[in-house]
Amino acid sequence: MNVTSGCLSQRKVLIIRRMTFLAIDIGNTRLKWAMYEDHRPGAALLAHGAEFLEHIERLAEGAWAGLPAPERMLGCVVAGETARRRVHEQIELMLGWNLEPQWVVPSVAEAGVTNGYDHPSRLGADRWVAMIGARHHMLQLGKARPLITVMVGTAVTVDAMDAQGHFLGGLIIPGHGIMLRALEGGTAGLHVPTGEVRCFPKNTSDALTSGGTYAIAGAVERMYQHLAEHCGAEPMCIMAGGAGWKMSPSMTRPFELINNLIFDGLLVMAEKRWG
Ligand SMILES: Nc1ncnc2c1ncn2[C@@H]1O[C@H](COP(=O)(O)OP(=O)(O)OP(=O)(O)O)[C@@H](O)[C@H]1O
Ligand SMILES: CC(C)(CO)[C@@H](O)C(=O)NCCC(=O)O
Ligand SMILES: [K+]
């Protein structure tokens with residue numbers, strides 16, 4: 001009898017403390033989502049997935065069907081108002097989900113990071129969230145240093161923060177895919193298969209693939225130099241994005257590859273918002 005009631009009350013506590021959290025990242029090409037057991041860094045991942053933007057309408061009947069109802073949701077969107085509205089529609093279709101969707105708007109300061117952009121709210125929400133996630137990672141690993149956050153996706157961004165967590169500014173460059181498509185579209189004779197990254201490319205395929213890769217690696221190297229000189233200290237570098245690993249062999253400085261940087265940033269922000 002005692003044992004049974006003990007189990008029951010334990011179960012009750014578990015149910016009360018459940019704060020399931022849905023994180024959504026609407027990028028330039030794909031929507032990525034992740035369901036966590038709680039809205040704090042390190043929370044257990046319950047489920048995750050990705051959909052091309054043209055397939056957002058599949059979410060409610062597809063990947064989200066059968067998921068536990070999230071208690072809260074925080075998202076990050078760079079794909080524009082229409083994509084955001086289409087996601088709201090999917091959330092509304094979910095039976096039993098009673099969510100007030102919240103979306104990150106870059107501000108002057110959040111979660112220990114300050115924003116040096118001329119117009120702070122015009123900074124891409126993905127860059128803001130990634131920097132907050134990256135700084136959280138750095139502080140967990142050790143002491144505060146200048147920090148470069150690189151995101152390798154449809155576009156590439158290289159963002160610099162000083163050791164105090166002030167965002168100094170950053171670079172936006174075309175992603176590898178856009179660079180190659182621009183060359184294919186803008187020249188008469190460049191239609192070749194993907195090549196290898198080489199120091200001295202001797203065919204068109206290798207020349208294009210290496211050119212794109214070293215354009216990205218070179219931008220990171222330059223930002224590293226700017227930030228090291230500005231701060232008088234060696235920066236740490238954190239790299240994220242689906243194609244980050246492809247850049248690894250071509251990078252010139254030590255860096256850390258982090259898989260779910262945007263989700264990590266959203267978890268940090270969610271904990272600050274909701275405790
Ligand atoms: N060898 C490579 N080196 C660097 N980048 C690459 C390479 N191959 C592909 N990419 C880039 O990686 C991108 C895919 O990365 P990822 O999956 O993070 O992006 P996505 O989810 O499609 O983009 P977004 O988050 O902007 O929606 C492609 O768009 C391409 O530009
Ligand atoms: C630069 C991208 C496209 C990278 O995803 C995104 O962060 C964005 O749309 N930014 C808005 C412009 C800016 O950050 O200055
Ligand atoms: K609903």
Side-chain angles (χ1 to χ4, degrees), residues 23-34 48-56 75-84 86-87 103-107 113 115-134 149-161 167-184 192-198 201 205-220 223 238-251 255 257-266:
I24 298 184
D25 165 21
I26 313 183
N28 303 289
T29 309
R30 294 185 306 160
L31 175 152
K32 280 141 274 184
W33 61 270
H48 66 102
E51 248 10 291
F52 284 99
L53 297 186
E54 53 270 33
H55 299 152
I56 284 177
C76 156
V77 57
V78 300
E81 195 45 47
T82 315
R84 188 209 315 249
R86 289 163 60 214
V87 172
W103 300 91
V104 170
V105 179
S107 61
V113 174
N115 190 343
Y117 231 39
D118 287 345
H119 299 278
S121 66
R122 291 188 197 167
L123 176 67
D126 55 347
R127 301 169 66 188
W128 183 237
V129 173
M131 281 191 278
I132 286 172
T149 304
V150 184
M151 281 200 290
V152 189
T154 309
V156 174
T157 51
V158 184
D159 287 318
M161 271 185 292
F167 167 51
L168 297 162
L171 311 172
I172 303 173
I173 54 179
H176 207 270
I178 293 180
M179 286 191 222
L180 266 61
R181 283 195 299 278
L183 281 167
E184 276 186 6
V192 292
T194 307
E196 299 290 327
V197 177
R198 305 267 186 229
S205 291
D206 290 355
L208 286 167
T209 300
S210 308
T213 299
Y214 287 124
I216 296 169
V220 178
M223 186 54 101
I238 287 181
M239 188 154 70
W245 63 274
K246 290 190 185 168
M247 290 300 308
S248 299
S250 309
M251 302 297 287
F255 65 93
L257 209 52
I258 292 185
N259 270 329
N260 300 311
L261 191 57
I262 298 228
F263 293 148
D264 292 345
L266 288 171

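Atoms within a ligand are numbered from 1 in the order they appear, just like the ligands themselves.
For NE2 of H48, the number of neighbouring non-hydrogen atoms (other residues, nucleotides, ligands) closer than 6.0 Å is 12 at most.
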**Message:** Pair M247, F255 - check side chain to side chain contact (heavy atoms under 4.5 Å, CB included), show working.
**Reply:** CA-CA 11 Å; M247 290 300 308; F255 65 93; over 6 Å; no
**side chain to side chain contact (heavy atoms under 4.5 Å, CB included) between W128 and V104, intermediate numbers included** = CA-CA 9 Å; W128 183 237; V104 170; 3.8 Å; yes
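Under a 4.0 Å N-O distance rule, the pair R181/E184 does not qualify as a salt bridge.
Checking T213 against S250 by side-chain atom types alone, no donor-acceptor pair falls below 3.5 Å.
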Just list the N/O pairs, ligand 2 to protein, that are under 3.5 Å apart, with the distance for each.
| residue | atom | partner | partner atom | Å |
| --- | --- | --- | --- | --- |
| ligand 2 | 5 (O) | N28 | ND2 | 3.1 |
| ligand 2 | 5 (O) | D126 | OD2 | 2.6 |
| ligand 2 | 7 (O) | D126 | OD1 | 2.6 |
| ligand 2 | 14 (O) | G124 | N | 2.8 |
| ligand 2 | 14 (O) | R127 | NH1 | 2.7 |
| ligand 2 | 15 (O) | Y117 | OH | 2.6 |
| ligand 2 | 15 (O) | R127 | NH1 | 3.4 |

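For the atom pair T149 OG1 and M161 CE, the distance stands at 4.5 Å (nearest 0.5 Å).
Distance alone, capped at 3.5 Å, places no donor-acceptor pair between the R84 side chain and the I26 backbone. A donor-acceptor contact shorter than 3.5 Å is absent between the side chain of D206 and the backbone of G195. T209 places no side-chain N or O within 3.5 Å of a backbone atom of T194 that could act as its donor or acceptor partner.
Within 4.0 Å of ligand 1, heavy atoms belong to protein residues G27, N28, T29, R30, K32, V152, G153, T154, G175, H176, G177, G241, G242, A243, K246, M247.
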